[in-house]
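Heads up, the thing below is written out as structure tokens.
Computation of the quantities below employed the complete heavy-atom set of this structure, encompassing side-chain atoms and omitting hydrogens, waters and symmetry-equivalent molecules.
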Amino acid sequence: ARVVLGADALGRLFALLVAVLWLIVSVFADEYMTHEHNQARFFGFYVTSLGSLIGICLAGNLVTLYLFYEMMTLLTVFLVIHAGNNKAIDAGIKYLGFSVCGAALGLLGMFYLQQHQTTDLFVVGGTLVDTGAPGLYAALLLMLIGFGAKAGVMPLFAWLPTAHPVAPSPASAVLSGLITKMGVLAMIRVIYFQFGGAFLADSCVQTVMLCLAIFTVFMGSMLAYKEKTLNCAAGNSVTILSIVCFIYALALISIYMNFS
């Protein structure tokens with residue numbers, strides 16, 4: 001295992017998205033946090049969280065992405081619990097618990113995948129040596145569910161509606177707008193740069209992805225509908241990200257049709 005940093009087109013795109021949106025939120029956060037306590041602590045974790053996100057964007061292999069991914073979890077949990085009350089602490093524990101569970105599933109898939117790769121680097125089209133090796137679909141499903149936890153995809157999405165309301169508004173903004181997108185980026189890396197889109201096309205994993213995305217769209221919509229205030233970012237995040245995952249699954253159908 002080695003740490004590799006690189007800037008391909010996809011990484012640069014997400015890094016640009018992170019930088020622009022983080023700057024916008026920072027302008028708002030500067031004034032918002034004047035009414036909050038422990039400003040130095042908040043901005044300390046806020047800035048270091050930005051570094052972990054940029055690291056995810058510029059990761060050149062799955063090990064590097066995973067390390068920065070876990071760093072992001074450990075840093076952003078302090079943004080969730082910033083208020084310090086019981087509700088915030090409970091939300092932080094839930095956020096950390098779901099993230100750790102997702103990370104464990106992703107790590108199991110990574111351990112199996114590394115035995116069947118030509119290289120540990122991200123390569124467009126995938127790095128599989130033998131696409132017929134037993135257990136690859138199970139490893140892929142574990143990794144997608146694991147990284148999907150941060151993206152708010154079923155079944156590990158329950159942290160979102162708990163963490164958003166208790167976090168300060170700037171933290172909630174980056175949770176909804178950027179941190180969840182890192183889950184999407186990780187899923188893209190796994191699908192298109194490790195296994196390959198053609199491997200997934202017309203597979204049982206693709207079917208599971210479609211079903212989970214559709215069900216999560218429904219659940220997210222219900223969360224947003226039940227919200228009595230304007231702060232329905234959690235439900236909207238779940239819905240939007242699930243639609244994104246649904247589109248990815250549909251894209252695999254197109255890939256399969258082109259290859260068949």
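Here the closest heavy-atom approach between residue Tyr66 and residue Ala103 is recorded as OH-O, 3.1 Å. Pairing each heavy atom of Ser49 with each of Ser52, the nearest pair is O-OG, 2.6 Å. Contact between Leu5 and Gly55 at its shortest, heavy atoms only, is CD2-O, 4.3 Å.
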Next on the checklist: Tyr46 vs Val174, test: side-chain contact (heavy atoms from CB on, under 4.5 Å). Steps then yes/no.
Outcome noted: CA-CA 9 Å; Tyr46 182 79; Val174 296; 4.1 Å; yes
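Looking at heavy atoms from C-beta onward, Leu50 lies in side-chain contact with Ile54 at the 4.5 angstrom threshold. Side-chain contact check for Arg2 versus Asn61: some heavy-atom pair is nearer than 4.5 Å. Between Ile191 and Leu144, the closest side-chain pair of non-hydrogen atoms falls below 4.5 Å. Between Val184 and Phe147 the shortest side-chain heavy-atom distance does not fall below 4.5 Å. Residues Asp120 and Leu62 are not in side-chain contact: their nearest non-hydrogen atoms beyond the backbone lie 4.5 Å or more apart.
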Could you tabulate the donor-acceptor pairs under 3.5 Å formed by side-chain atoms of residues 73-87, not counting sequence neighbours?
unit_1	atom_1	unit_2	atom_2	d
Thr73	OG1	Tyr69	O	3.4
Thr73	OG1	Lys150	NZ	2.8
Thr76	OG1	Met72	O	2.7
Thr76	OG1	Thr73	O	3.4
Thr76	OG1	Tyr95	OH	2.6
His82	ND1	Arg41	NH2	3.4
His82	NE2	His37	O	2.9
Asn85	OD1	Lys87	N	3.3
Asn85	OD1	Ala88	N	2.7

Name each donor-acceptor pair under 3.5 Å that joins a side chain in residues 125-132 to protein atoms two or more places apart or in another chain, with its distance.
unit_1	atom_1	unit_2	atom_2	d
Thr127	OG1	Gln117	NE2	3.0
Thr127	OG1	Gln194	O	3.4
Asp130	OD1	Gly132	N	3.0

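Residues satisfying the side-chain contact (heavy atoms from CB on, under 4.5 Å) criterion with Leu108, sequence neighbours excluded, are Leu142. Taking the side-chain contact (heavy atoms from CB on, under 4.5 Å) definition, one finds that Ala7 meets it with Arg12, Leu58, sequence neighbours left out. Phe111 meets the ring pair (Phe, Tyr, Trp, His ring centres under 6.0 Å) test with no other residue; sequence neighbours excluded. Tyr32 pairs by the side-chain contact (heavy atoms from CB on, under 4.5 Å) definition with Phe28, Glu36, Pro168, Ser169, Pro170, not counting sequence neighbours. With sequence neighbours excluded, no residue forms a side chain to side chain donor-acceptor pair (under 3.5 Å) with Thr48. Partners of Asp8 according to the salt bridge (Lys or Arg N to Asp or Glu O under 4.0 Å) rule, which considers only residues two or more places apart in sequence or in another chain, are Arg189. Residues passing the side-chain contact (heavy atoms from CB on, under 4.5 Å) test with Ile24, sequence neighbours excluded: Val20, Leu21.
The side-chain contact (heavy atoms from CB on, under 4.5 Å) test with Leu67 singles out one residue from Val63, Leu65, Thr64, and that residue is Val63.
Taken together through direct or relayed side-chain contacts under 4.5 Å among Ile, Leu, Val, Met, Phe, Trp and Tyr, Phe14 and Val123 form parts of separate hydrophobic clusters. Leu17 and Leu13 fall into different hydrophobic clusters, where Ile, Leu, Val, Met, Phe, Trp and Tyr residues are linked whenever their side-chain heavy atoms come under 4.5 Å apart, directly or through other members.
Atom CE in Met110 sits 8.0 Å away from atom CG in Leu113 (nearest 0.5 Å). One finds the CD1 atom of Ile56 at 13.5 Å from the NZ atom of Lys181 (value rounded to the nearest 0.5 Å). Considering CG of Leu178 and SG of Cys57, their distance stands at 9.0 Å, rounded to 0.5 Å. The CG atom of Leu200 sits 10.0 Å away from atom CG of Leu141, with the distance rounded to the nearest 0.5 Å. With values rounded to the nearest 0.5 angstrom, Met182 atom CE is found 8.5 Å from Thr180 atom OG1.
When ring centroids are compared, Phe122 and Tyr192 stay outside the 6.0 Å threshold.
Hydrophobic cluster of Leu121: the remaining members, joined at side-chain heavy-atom separations below 4.5 Å, are Val4, listed by chain and number.
Between Phe199 and Tyr137, the two ring planes are parallel [angle under 30°; tilted spans 30° to 60°].
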